[in-house]
Amino acid sequence: MDGLMMDFPLTLPTILRRAATIFADREIVSRLPGRSLHRYTYADMAARARRLAAALTALGLRPGDRVGTFCWNHHQHLEAYFGIPLFGGVLHTLNLRLHPDEVAAIVAHAEDRAILVDAVLLPIFEQIRPRIDVEHVIVIGDGPPPDGAIAYEALLAGADPAAFSEPNLDEHQAAAMCYSSGTTGRAKGVLYSHRAVVLHSLVSATADVVGLREADAVMPVVPMFHVNAWGLPFTGTLVGAKQVLPGPFLDPASLVDLIERERVTVTAGVPTVWLGVLQYLDQRPGAHDVASLSRMIVGGQAAPEGMIRAFRERHGIDVVHAWGMTEMTPLGTITYVPSSRRAAPDEEQYRYRAKQGRPIPLVEIRARGAEGLVPWDGATMGELEVRGPAVARAYYRDPEGDAQFTADGWFRTGDIVTIDPLGYIAVTDRTKDVIKSGGEWISSIALENALMAHPAVAEAAVIAAPHPKWLERPVAVVVLKPGQQATAEELRAHLAPQFARWWLPDAFLFVDEIPRTSTGKFLKAALRERYRDVILAAETAEQGHAGAVEAGEAGQG
Ligand code: ADP
């Protein structure tokens, strides 16, 4: 028997209409390239998004057409987030940190018909332009646009919103697309439906996810050019929160200034950004008032427990660790201490905070090892599989990607996790980074976090190095804090009480920096390449393994 409820499609224009009327006066603040702050309201944003939809339609764009954006986080990008889907177009955010060749290949694969580009990014875009075949280049920012391009403001000024009639959108139609950053291989396109984005926004707003409300001031530091800035521009608009968009200035001083000035309550970004902010605040005790900030969502890479502790204990800021993927719109799990453990000792509470957390509503999880699905015992590792209404069911025009979907309709994430009895996942590795020593798995992330808790260590990445007997052994690549010293022996002694002996890295390499991907993650493939010929302390490894096997430790940890 069918229910007797309206068939009301879940689409982005519904979110925009609500913001334009209910939250007409709520503010959106952007840092412009000249550093000044631009302010306007949701009513202004919605009116301009409508003008953009009208203008793009007048240029000949039609529902289903892809429109690229090559922009920082700012109000015009937010207008594109809503204006492009409003006429049925597909917002295609381009990652401006990728190599120009890669961006050109992505634009060609997506067949973008138009691209919005920041004037300050034109020097990079000019390297891409000759390699792509795009009909309209629209430039956001001051000054005359280059030959053949259109100025965004002139385009909007000339638009006739009265002549634009909104198409009736089906909730399953595509609203946006984003290519994964390709940390472990070629970038693949994910095509988000209106329905997926709306459901993701609703779920994100709930209290045990991002918990966003009208009274919040949300500052996405995570870029709008990758994974929709974790959906925050959509979720923020859904609830009518004030939005604070940092533009091109992502250095600690600029971010702390915005937090103070705009009384930011919730922010989000990758650990690297927050490690910088932490150092900045630590160096200036009492100089900045960041008391407005109640939550800092951290993800994209494992958040070190030391950082989570430091923010809470020294600055009263709750770091909330989350995990997600481009393929998941992107939030998958988020961690809060469960109510049953709120009275537990600090140590135990921090263990929950350092995990990646429980699946958000409407996401289901399971993990698979060599023998099938693994038990939820918090110890057995397996590859995480997920499903839900905001999870991709295929990649865009990429049959090779089909291998990442199971026959029974789950998505294989490529992340190795443990799941505990309460459903908290801990990401131990990506399948391509896990260290397989003598047939047993060693978690590079667990070792990295323990190393980064050492007072002299700024950053650490642990990679697999080839080994004649054990096939792979862990090697730690370490960046020390300025002016600090530590030897391999000291670091080994620091790790020893926390891990089985055979987990301890065979070698410690001290370097000046760890190469990163376009989205700020350790580029382990490059590290493995660079240190392939490292001579390993094979003897230690053999002793460690043999000792561990005798003691019955193998496979623990
Ligand atoms: P890419 O696959 O190119 O890195 P994404 O930006 O979609 O593109 O990254 C998703 C991946 O980032 C996840 O599969 C996971 O490996 C990693 N990741 C995201 N959040 C976390 C986290 N909190 N802890 C550990 N790894 C994370």
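The residues of the chain are indexed from 1 along the displayed sequence. Just so you know, ligand 1 is whichever comes first in the structure, and atom 1 is the first atom listed for that ligand. In this text the structure is predicted, and so the values were computed from the model without any measurement.
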(request) Mind checking whether A322 contacts ligand 1 via backbone (N, CA, C, O), side chain (CB onward), both or neither, at a 4.0 Å heavy-atom cut-off? (result) backbone
(message) Does ligand 1 come near enough to E327 that some N or O of the ligand is less than 3.5 Å from an N or O of the residue?
(response) no
(request) Before accepting this row, confirm whether a basic side-chain N of the pair R397/E111 lies closer than 4.0 Å to the acidic partner's carboxylate O. (result) yes
(request) Under 4.0 Å, heavy atoms only, figure out whether ligand 1 is touched by the backbone of T326, its side chain, both or neither. (result) both
(message) If we check side-chain contact (heavy atoms from CB on, under 4.5 Å) with V266, which of these qualifies: L212, T235, L232, V244?
(response) L212
(request) Report yes or no: does G324 have a heavy atom closer than 4.0 Å to ligand 1? (result) yes
(request) Could you tell me which atoms of ligand 1, counted from 1 in the order shown, lie closer than 4.0 angstrom to a heavy atom of H321? (result) 22 (C), 23 (N), 24 (N)
(message) Distance under 4.0 Å to a non-hydrogen atom of M325: what atoms of ligand 1 satisfy this?
(response) 7 (O), 10 (C), 13 (C), 14 (O)
(message) Please classify the R430 to ligand 1 contact at 4.0 Å (heavy-atom distances, strictly less than): side chain, backbone, both or neither.
(response) side chain
Side-chain donor/acceptor pairs under 3.5 Å, residues 449-459, sequence neighbours excluded:
| residue | atom | partner | partner atom | Å |
| --- | --- | --- | --- | --- |
| H454 | ND1 | A456 | N | 3.0 |
| E459 | OE1 | R516 | NH2 | 3.2 |
| E459 | OE2 | R516 | NH2 | 2.1 |

(request) Look only at interatomic distance and state if I445 has a nitrogen or oxygen under 3.5 Å from any nitrogen or oxygen of ligand 1. (result) no
(message) Looking at D208 and R358, is there a salt bridge between them, counting it only when a charged N and a carboxylate O are closer than 4.0 Å?
(response) no
(message) For atom 15 (C) of ligand 1, tell me which residue out of T333, I297, D415 has the closest non-hydrogen atom.
(response) D415
(request) Any atoms of ligand 1 less than 4.0 Å from a non-hydrogen atom of G300? List them with their elements. (result) 12 (O), 17 (C), 18 (N), 19 (C), 20 (N), 21 (C), 27 (C)
(message) Check whether Y350 forms a cation-pi arrangement with R309 (NZ or CZ under 6.0 Å from the six-membered ring centre, at most 45° off the ring normal).
(response) yes
(message) If only side-chain N and O atoms count, and only distance matters, is there a donor-acceptor pair under 3.5 Å linking D282 with H315?
(response) yes
(request) Examine distances only and state if a side-chain atom of K521 and a backbone atom of G300 form a donor-acceptor pair shorter than 3.5 Å. (result) yes
